[in-house]
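Every chain is numbered from 1 and lettered A, B, ... according to where its sequence line falls, protein lines coming before strand lines.
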There are 2 protein chains.
Amino acid sequence: MDEAPPAPVPAADARGSVTLHDVAREAGVSIATASRALNGSARNVRTENASRVRAAAAKLDYRPHPSAQAVARGSTPTVALVVGDVADPYFSAIAAGVTQAAEAAGLVVTMAVAGRSPQRELELVRTLRGQRPRVIVLAGTRIDGTTASTAPKDGRAVDGAAASAAPGDGRAVGGTDTRGALVGELEEYQAAGGRVVMVSQRDLPFDTVTIDNTGGAHRLARALAGAGYRRFAVFRASESVRTSRDRVAGFTAGLRAAGISLDDRFVIETEFTRGGGYEAARKLAERGADEVEIVFAVSDVMAIGAMTAFRDAGLVPGEDIAVAGFDDIDSAIDVTPALTSVAVPLREAGQEAMRLALGGGPAPDAVQISTRVVLRESTPARR
Amino acid sequence: MDEAPPAPVPAADARGSVTLHDVAREAGVSIATASRALNGSARNVRTENASRVRAAAAKLDYRPHPSAQAVARGSTPTVALVVGDVADPYFSAIAAGVTQAAEAAGLVVTMAVAGRSPQRELELVRTLRGQRPRVIVLAGTRIDGTTASTAPKDGRAVDGAAASAAPGDGRAVGGTDTRGALVGELEEYQAAGGRVVMVSQRDLPFDTVTIDNTGGAHRLARALAGAGYRRFAVFRASESVRTSRDRVAGFTAGLRAAGISLDDRFVIETEFTRGGGYEAARKLAERGADEVEIVFAVSDVMAIGAMTAFRDAGLVPGEDIAVAGFDDIDSAIDVTPALTSVAVPLREAGQEAMRLALGGGPAPDAVQISTRVVLRESTPARR
DNA sequence: CAAACTGCGGAATACGTTTTCCCGGCGTTT
DNA sequence: AAACGCCGGGAAAACGTATTCCGCAGTTTG
């Protein structure tokens with residue numbers, strides 16, 4: 001495409017960029033024709049003129065001004081992506097998928113980080129909507145804003161993030177308020193022709209890509225049962241963390257399908273972090289872990305924390321007690337023993353989100369990304 | 001701010017968004033005054049008028065059209081960020097820092113992923129430049145051949161940069177070509193008033209944030225010497241990987257400062273990956289590791305791979321042989337034993353990049369991010 | 001053979017801002 | 001008292017592009 005040899009000296013007037021006007025003059029046509037020639041409009045332009053315009057554009061190294069195009073067209077060739085935290089591998093994997101698919105479609109990705117705050121998320125959507133992007137992708141927090149009637153059992157060690165999002169029973173005013181505002185904002189945007197896609201967030205009237213947490217946990221449970229395990233413990237996060245809830249539900253169902261029941265005494269609620277996993281494991285070990293053959297932690301980071309805690313308590317993970325996680329993060333293979341987990345193709349989820357956004361019709365559509373069990377040394381087959 | 005009860009019906013004409021014109025009419029002033037009132041220009045506007053405009057804007061829920069502003073102003077309030085791969089924690093940490101600082105300054109981040117290809121990187125810069133961002137941040141790959149070193153026209157680069165092409169770096173011509181084009185592109189952009197910042201990339205006539213690899217490695221070497229270690233091995237990557245080269249140089253210097261010399265036989269070149277570390281450790285173990293007390297791998301992932309290899313060979317890391325890495329990635333504390341490393345505050349590097357971009361003068365400036373040695377169980381003190 | 005129609009170029013307008021320029025009022029200075 | 005700033009308002013000109021509308025050929029149609 002680019003011709004390297006003939007020095008690409010852009011005959012530049014140094015101060016400003018070269019505009020469509022310049023191209024038109026160079027090609028000896030009007031800017032209308034130039035515009036039509038360059039981005040093939042509904043109208044046709046004579047082939048000879050078209051090629052002259054293209055030649056002029058190449059010679060002058062013309063680059064269209066996206067903002068000007070945006071003003072004229074009323075929309076921008078961009079995708080607005082809101083994530084909780086770029087540095088979190090969970091989100092960055094999704095972001096990678098979104099970016100890849102967007103770039104393939106010639107769209108630029110603008111990214112914003114919401115932190116843990118729904119408030120901030122709302123602000124960002126407001127700002128981004130101002131940008132008139134073609135698509136808004138929300139890979140929001142995994143926190144459930146719409147806690148139904150389930151009141152937290154006790155106020156003990158609730159995840160800080162969960163606390164910020166509509167805590168307590170009933171509809172917390174602040175929580176549902178910003179949530180409603182967010183939905184309203186997005187609906188207006190959609191009504192104005194924008195596309196909205198949510199990743200891993202159900203129950204909203206938008207296109208959605210969900211992760212098959214339930215199914216993956218179900219299969220994991222069956223696989224572990226098949227490997228000979230019978231006595232399980234589960235480390236889970238607060239009920240308000242939907243991901244955790246789904247995984248526990250799927251896991252329990254899977255066990256039940258294998259004829260195994262889960263003892264409530266060994267279902268430990270803790271934080272959705274490495275520290276939470278460590279804490280839960282410490283408590284379990286303290287209490288005597290003899291009755292437990294294997295621990296399922298609802299995330300890999302928790303599982304990894306748990307393994308360390310067990311080791312600190314004198315138990316060898318994978319020998320004295322097996323451990324399984326969920327997510328299949330990269331370091332799952334780096335820990336010793338390598339961690340059994342459920343792979344979540346987040347990158348694909350991101351790509352799928354873009355596919356939904358670009359291809360879909362007006363009716364809200366939904367796609368589920370399937371997960372895959374990966375057995376490793378942390379859960380050796382029991383004889 | 002938002003009034004919840006009195007339904008925020010924005011008096012909307014549903015089809016378009018509300019424009020500055022509407023605000024002006026509502027406030028009974030001209031659009032010029034409205035514009036001045038809203039984004040405080042050099043000109044003053046009477047306080048009464050100003051507040052009326054603000055009130056009108058709030059009432060109508062006015063949002064400025066960034067693209068239109070961009071057209072009028074000639075630049076966009078955005079930061080263009082080019083990274084190698086969002087999913088890589090190295091880049092996503094930098095991205096997090098950049099995003100944080102950018103948002104604090106009211107700028108939106110548009111992100112693009114270059115993969116490993118300098119070609120693609122050039123394309124992206126071309127495209128992004130079209131966007132007229134205020135700042136372009138390049139957090140490129142760490143490989144020399146692709147993006148770093150070798151001054152394009154005058155061979156002024158002394159820093160061993162030129163030597164980097166030595167070990168069969170086949171793609172010399174194509175590389176420097178796209179490299180020169182990239183530099184040219186950025187220089188034009190800069191000449192037009194844009195700010196360019198490179199992260200972890202020296203020898204280019206742009207603002208730069210570098211990581212103190214040399215110093216960190218130097219201090220690590222001294223710390224390890226202080227802990228009683230005397231017989232070292234080093235796992236390094238190809239000479240063309242500048243990061244590796246710097247770390248090895250610093251480490252060697254640090255040893256020398258402690259009166260220790262490094263035996264060439266135990267400097268093993270391998271790939272800059274987990275697999276490379278594994279391979280090198282396997283070879284070393286095979287050859288008999290008795291003469292070595294400790295291995296320094298130039299990156300944590302290599303070190304982690306090496307630990308696994310040692311374990312597979314029957315050596316217990318931290319007891320039979322100590323291991324130290326570099327980067328202090330998250331999983332450094334999750335492996336057993338926890339890995340001694342050098343913390344690299346990448347997030348800060350990203351923030352610093354923005355600070356450079358926003359505050360700096362016209363002359364290329366440079367900031368070095370310092371690193372910090374973190375001793376852990378993989379290198380117990382020798383008695 | 002006139003009339004309608006088609007294909008395409010160009011002038012002009014629109015898009016939503018910012019910014020320049022002009023203008024009138026008012027307080028201060030000679 | 002006239003001249004001279006200064007302050008702030010508004011009309012209008014940018015900014016760079018897409019698109020509507022008009023007109024001119026050349027072609028088809030009745």
Side-chain angles (χ1 to χ4, degrees), chain A residues 13 15-54 56-57 60-78 129-134 192-193, chain B residues 12-13 15-53 56-57 60-78 129-134 192-193:
Chain A
D13 65 325
R15 79 184 169 302
S17 7
V18 16
T19 97
L20 189 56
H21 193 80
D22 303 327
V23 174
R25 180 156 29 82
E26 173 80 21
V29 299
S30 75
I31 51 173
T33 303
S35 172
R36 293 195 264 252
L38 287 180
N39 52 14
S41 77
R43 288 272 305 265
N44 281 339
V45 27
R46 209 190 320 173
T47 43
E48 191 218 319
N49 274 343
S51 53
R52 282 179 54 182
V53 169
R54 276 193 298 270
L60 299 182
D61 190 25
Y62 165 72
R63 325 261 177 93
H65 193 313
S67 294
Q69 293 181 315
V71 172
R73 290 180 172 140
S75 109
T76 331
T78 63
R129 189 146 98 82
Q131 295 254 50
R132 276 74 170 176
R134 203 151 296 167
Chain B
D13 64 326
R15 76 183 172 306
S17 5
V18 14
T19 95
L20 188 57
H21 192 79
D22 304 328
V23 175
R25 180 155 29 83
E26 173 79 20
V29 299
S30 76
I31 52 173
T33 303
S35 170
R36 292 195 264 252
L38 289 180
N39 51 16
S41 75
R43 289 275 302 265
N44 280 339
V45 26
R46 210 190 325 172
T47 43
E48 191 220 320
N49 274 344
S51 54
R52 283 179 53 182
V53 168
L60 300 182
D61 189 26
Y62 166 72
R63 324 261 179 90
H65 193 314
S67 295
Q69 294 180 313
V71 171
R73 292 203 250 244
S75 104
T76 330
T78 64
R129 188 147 97 83
Q131 295 255 51
R132 274 76 167 176
R134 204 152 295 168

Residue B:R43, side-chain atoms from C-beta onward, closest of C:dT18, C:dC22, D:dA11
C:dC22
Comparing A:A68 and A:T33 on DNA chain D - which has the more 5′ nearest nucleotide
A:A68
Modelled atom types, side-chain donor and acceptor of A:R132 and A:T76, under 3.5 Å
no
Looking at D:dG9, I'd like to know if its phosphate oxygens (OP1 or OP2) sit under 4.0 Å from a side-chain N or O belonging to B:R46.
yes
Quick one: is C:dC8 close enough that its OP1 or OP2 comes under 4.0 Å of any side-chain N or O from A:N49?
no
Taking only side-chain N and O atoms of B:T19, does any of them lie within less than 4.0 angstrom of OP1 or OP2 on C:dG16?
no
State whether B:R73 places a side-chain N or O below 4.0 Å from either non-bridging phosphate oxygen (OP1 or OP2) of C:dT18.
yes
Tell me the closest heavy-atom pair linking A:A27 and A:V53, and the distance in Å.
CB-CA, 3.9 Å
Can any side-chain N or O of A:S51 pair as donor or acceptor with the backbone N or O of A:T47 at less than 3.5 Å?
yes
Using a 4.0 Å heavy-atom cut-off, does B:R132 contact any base of the nucleic acid, only the sugar-phosphate backbone, or nothing at all?
nothing
Quickly work out the A:I31 CD1 to D:dT19 P distance and round it to whole Å.
13 Å
Could you state the CG-P distance from B:D22 to C:dC15, rounded to the nearest angstrom?
11 Å
Please determine if a side-chain N or O atom of A:N44 lies less than 4.0 Å away from the OP1 or OP2 oxygen of C:dC8.
yes
Comparing nearest nucleotides in DNA chain D, the 5'-proximal residue of the pair A:A32, B:V71 is B:V71
What I want to check is whether an N or O donor and acceptor connect the side chain of B:R36 with the base of D:dG8 at under 3.5 Å.
no
Does A:S35 make a side-chain N or O approach to OP1 or OP2 of D:dA18 shorter than 4.0 Å?
yes
For B:L38 and B:L20, the nearest pair of non-hydrogen atoms, with its separation, is CD1-CD1, 3.8 Å
